[in-house]
Amino acid sequence: MTITHAQASTEKTGARTEQAASLIGGARERIDALDNRIIGLIRERIAYSAMIQEARIASGGRRVNLSRETQILSRYDEALGKPGTTLALTLLELGRGRI
């Protein structure tokens, strides 16, 4: 049995029609592009966090500023709810202890 392009496309996306498969495929490409941008922004955020930590430590301060972290957690929670808090915690963890 030969699989047609339409069948392969719908099997790959889980869609039941070629139209839905096409929409899903295009949306997935966009999500992949967004993920690449997000990863780049996270790497940039990590670099800035390291720069801030280095300056704070060099000036005699602590590596972590808990009041600033609380602000960040609140911002993500307000914008995205509980999953936002989890995301913020992950971002903060990625930025800590790199120096």
Side-chain angles (χ1 to χ4, degrees):
M1 178 173 162
T2 304
I3 296 177
T4 67
H5 173 68
Q7 288 172 323
S9 184
T10 56
E11 285 179 16
K12 183 176 178 182
T13 63
R16 297 198 178 237
T17 67
E18 181 59 29
Q19 181 180 6
S22 178
L23 184 135
I24 291 167
R28 284 181 177 171
E29 287 178 14
R30 182 68 178 133
I31 286 172
D32 290 345
L34 288 168
D35 284 345
N36 287 335
R37 287 176 49 200
I38 291 167
I39 290 166
L41 290 170
I42 291 169
R43 287 181 174 151
E44 184 177 353
R45 189 185 193 289
I46 291 168
Y48 276 103
S49 181
M51 184 173 53
I52 290 166
Q53 288 177 51
E54 288 172 5
R56 190 180 303 116
I57 291 169
S59 72
R62 297 178 135 188
R63 181 174 57 89
V64 176
N65 181 333
L66 295 178
S67 64
R68 173 64 177 154
E69 289 194 359
T70 300
Q71 290 173 348
I72 293 166
L73 290 168
S74 293
R75 182 178 337 137
Y76 276 79
D77 180 63
E78 288 172 16
L80 303 170
K82 186 176 179 182
T85 303
T86 302
L87 175 60
L89 286 168
T90 300
L91 291 171
L92 291 169
E93 182 180 351
L94 285 167
R96 286 190 205 121
R98 300 287 181 165
I99 57 173

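Treat the numbers as computed from the prediction; the structure is a model and nothing was measured.
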Where do R45 and L92 land on the side-chain contact (heavy atoms from CB on, under 4.5 Å) test, with the steps shown first? CA-CA 10 Å; R45 189 185 193 289; L92 291 169; 4.3 Å; yes

Would you check, one step at a time, whether the test salt bridge (Lys or Arg N to Asp or Glu O under 4.0 Å) holds for R96 with E69? CA-CA 11 Å; R96 286 190 205 121; E69 289 194 359; 2.8 Å; yes

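Following chains of ILVMFWY side-chain contacts shorter than 4.5 Å, one can reach I38 starting from I46, so the two form part of one hydrophobic cluster. Residues L73 and I52 fall into different hydrophobic clusters, defined by Ile, Leu, Val, Met, Phe, Trp and Tyr side chains chained together at heavy-atom separations under 4.5 Å.
For G25 against T13, the heavy-atom pair with the smallest separation is N-CG2, 4.4 Å.
For residues 21-41, there are no side chain to side chain donor-acceptor pair (under 3.5 Å) pairs, not counting sequence neighbours. Applying the side chain to side chain donor-acceptor pair (under 3.5 Å) test to pairs two or more places apart or on separate chains, those with a residue in residues 75-90 are D77-T85.
Residues passing the side chain to side chain donor-acceptor pair (under 3.5 Å) test with Q19, sequence neighbours excluded: none. Applying the side chain to side chain contact (heavy atoms under 4.5 Å, CB included) rule to S49 yields the partners Q53; only residues at least two apart in sequence or on another chain are considered. Taking the side chain to side chain contact (heavy atoms under 4.5 Å, CB included) definition, one finds that A20 meets it with A15, T17, sequence neighbours left out. S67 meets the side chain to side chain donor-acceptor pair (under 3.5 Å) test with N65; sequence neighbours excluded.
Between I72 and L91, every side-chain heavy-atom pair lies at or beyond the 4.5 Å cut-off.
Through direct or relayed side-chain contacts under 4.5 Å between Ile, Leu, Val, Met, Phe, Trp and Tyr, V64 connects to L66.
R56 places no side-chain N or O within 3.5 Å of a backbone atom of G61 that could act as its donor or acceptor partner.
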